[in-house]
Each structure stands twice: as C-alpha cells, then as structure tokens.
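Lettering of chains follows the sequences in order, A, B, ..., and the numbering in each one begins at 1.
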Amino acid sequence: MPELPEVETIRRSLCQRILNLRIEDILIRWPGAVEGYEGKTFADTVKGLRIQSIERRGKYLLFTLEEGWSFIAHMRMTGRLVYHAQGQEPEKHTHVVLKLSSGEVHFTDTRKFGRLQLVRTEERLKQPSLARLGPEPLEGGFSAEELARRLAPRKLAIKAALLDQNLLAGVGNIYADEALFRAGIAPERCANSLTKEETEKLYTAICQVLEEGIAANGTSFRDYQDANGEKGDFQKELNVYGRGGEACKCCGHTLERIRLAGRSTVFCPRCQR
DNA sequence: ATCAGCCCCTGCTAGC
DNA sequence: TGCTAGCAGGGGCTGA
C-alpha cells in the first residue's frame, strides 16, 4: 500500500533508471489499467516519446513525456512499477509493459486498483483528483497552523481526517496510525477537538514518520517494492500498524484494533488520549 | 458542505 | 482435504 514515502521511493528509483529514455513500445495486457485514451490510441500516442521528468504529488506519480504528454500513475494498494532488463517475462498481474530504449518498466497490480492515465501535460493538474489534493506535508506550504486551520471545520474522527487526501496529500493508513501514536492522540478523537499543543505534536509527528519512512525506503508490509524490486525497511520501525493485540512498545498495554472510516486502525488506549 | 458507506479486485486465512 | 465466507484497503461515487 504505497503512501507518500513509498511513492517517493519509487520515484527516486525510477529516476535513476529511466530518465531521458525513449518509450519504444507499450504493451497493454489489461485495458482496465489505462485511462484517458483507448488502448491503441494510448499506445500510438506515447510511442517514440522520451521520459523527461518524474515528479510526485501526494500518492500520484507524474511522468512528463515529450510533445506535451504526461502519465499520471497511482499504485493504489498493490501496484508496482519495476524496472527490468529487456525481455523480462511479465508476471501474471503485469498489466502494462513500457519497452524503453534501454530496459523496460512493468506496471504490475494484483488487485487491479492502480491506474496509468495519459493526459496533456497542461491539463494534468486540472484533473479533479489532483486539483483537489491538499498540501504536501513536507513542503513549504504546510505548517502546524495550516493543519489547525484545515482541521477546524471538520467534525469527523482525526484518523479519518488524516486519510482525506484533500485535507493533506500523501498520508495513508500506515502513517496515519503511526503519526497519531507518536502524537499521543486517540484516532477516534473529533478532528476539531485537538488543542493547539496537540495539533503541533501531530504536525511534528506527521513530518517525522514521513521523513523516516522515506529514509527507510518505505514500508514493505505485503506487496510494496521500489523500481529495483527492493523492499523498504520502515516496517521495522512501526509502533502500532499491524500490531493489534500485541504489547505497546512504550507502556506494554495491549494495542487495540478497531475499524474506523472503513479502515483497520491500531492504537494504544493508554498512550493515546 | 460534510461524511458514512459502498464498490472495485484478488489472494490469503479462518472455519466448517 | 476442499470449500466458502470474510477480510485487506485508496479513492471515487452516491445518497443522506
């Protein structure tokens, strides 16, 4: 389940491999994986174009191609973009193969939620999903004050608020649980009930877990791997995610697992208030 | 405007 | 052993 740190790790590993390479051919093995244009038009359009840059916005990857074209890629839960040497046999769930002037990139997604969208570069930020996105937590526009301002009108649970990509871009289930644990805030707390001090703690915790996640090349809980097929290391640092029923690393109390906003949520009822 | 709940998918696991 | 039901989850959509 790639969140901001995993998508950033994929971006960096892809940049090392495929920047400035030319797309010589594209093989669409499952048409549902591509959006924007019908399969043949999609393929004909991108054939021959160089990949000029790869940027990230929230959990989206933005590939800038030549001649004003772009890919918008989202991994959703089980999506992977992996670089291989030329002629690598696609896996069962490899839906798109980008054959490049050197090597190839396989877009593989077991649960078929991920998408590769072809858009005009000048249109890409106007796509509803991207246009609505909240601020990047690790960039200048975000601060404890901005977080407080955005939480103020919201009555939903703070955990649900953190998962809302329009409030804040890039945080998913793993890093939301971890940030709330570090901030000592119970996930069911109403978003607008946080004190100034708690909001500051939460802001710091969000930045910390994301930065540490990036430094560890992401969290490999089940499917995640980067463009080189490497797994991340942040799962070793997890305090709560996936640890329901186990002992809190801080106080020893049994970690509680509940369902919140349709997501499994783990927290320490003693450390988080 | 806000928010809960459903839906998309497949693989894994628990239970019979 | 072999089956099925339930669960996992990001984000778009719907309806309240």
Got a list of protein N/O to nucleotides 10-12 of chain C N/O distances below 3.5 Å?
unit_1	atom_1	unit_2	atom_2	d
C/dG10	OP2	A/R263	NE	2.9
C/dG10	N7	A/R263	NH2	2.3
C/dG11	OP1	A/H74	NE2	2.7
C/dG11	OP2	A/K59	NZ	3.0
C/dG11	OP2	A/Q165	NE2	3.4
C/dG11	N7	A/R263	NH2	3.2
C/dG11	O6	A/R263	NH2	3.4
C/dG12	OP1	A/Y60	OH	3.0

Bend across the helix from B/dT2-C/dA16 to B/dC16-C/dG2, to 10°, with axes taken over 5 pairs at each end? 50°

A/R124 versus A/T64, side-chain donor and acceptor atoms under 3.5 Å: yes

With sequence neighbours left out, which residue pairs that include part of residues 13-32 of chain A fulfil the salt bridge (charged side-chain N to carboxylate O under 4.0 Å, His left out) condition? A/R22-A/E66, A/D25-A/K47

Does A/E178 use its side chain to pair, donor to acceptor, with the backbone of A/N239 at less than 3.5 Å? yes

Can you sort out the partners of A/F234 under ring-ring contact (aromatic ring centres under 6.0 Å, His included), two or more places apart, ordered by chain and number? A/Y175

Does the side chain to side chain contact (heavy atoms under 4.5 Å, CB included) test come out yes or no for A/R154 and A/D164, once each step is laid out? CA-CA 11 Å; A/R154 309 299 296 268; A/D164 181 354; 3.1 Å; yes

Please collect all ring-ring contact (aromatic ring centres under 6.0 Å, His included) contacts where either partner lies in residues 87-130 of chain A, sequence neighbours excluded, each pair once. A/W30-A/H95, A/H84-A/H106

Salt bridge check, A/R120 against A/E123: does any charged N sit closer than 4.0 Å to a carboxylate O? no

With a 3.5 Å cut-off and no angle check, do the side chains of A/K231 and A/N217 form a donor-acceptor pair? no

Mind checking A/R259 for me? I need base, sugar-phosphate or nothing, with any heavy atom below 4.0 Å counting as a touch. sugar-phosphate

Run the salt-bridge test on A/E8 and A/R11 with the 4.0 Å N-O cut-off and return the result as yes or no. yes

Under a 4.0 Å threshold between the charged nitrogen and the carboxylate oxygen, would A/R57 count as salt-bridged to A/E136? yes

Heavy-atom nearest nucleotide on DNA chain B for A/A157 versus A/K112: which residue maps closer to 5'? A/A157

When you list every nucleotide of DNA chain B with an atom under 4.0 Å from a heavy atom of chain A, which one comes first 5' to 3', and which comes last? B/dC3 to B/dG11

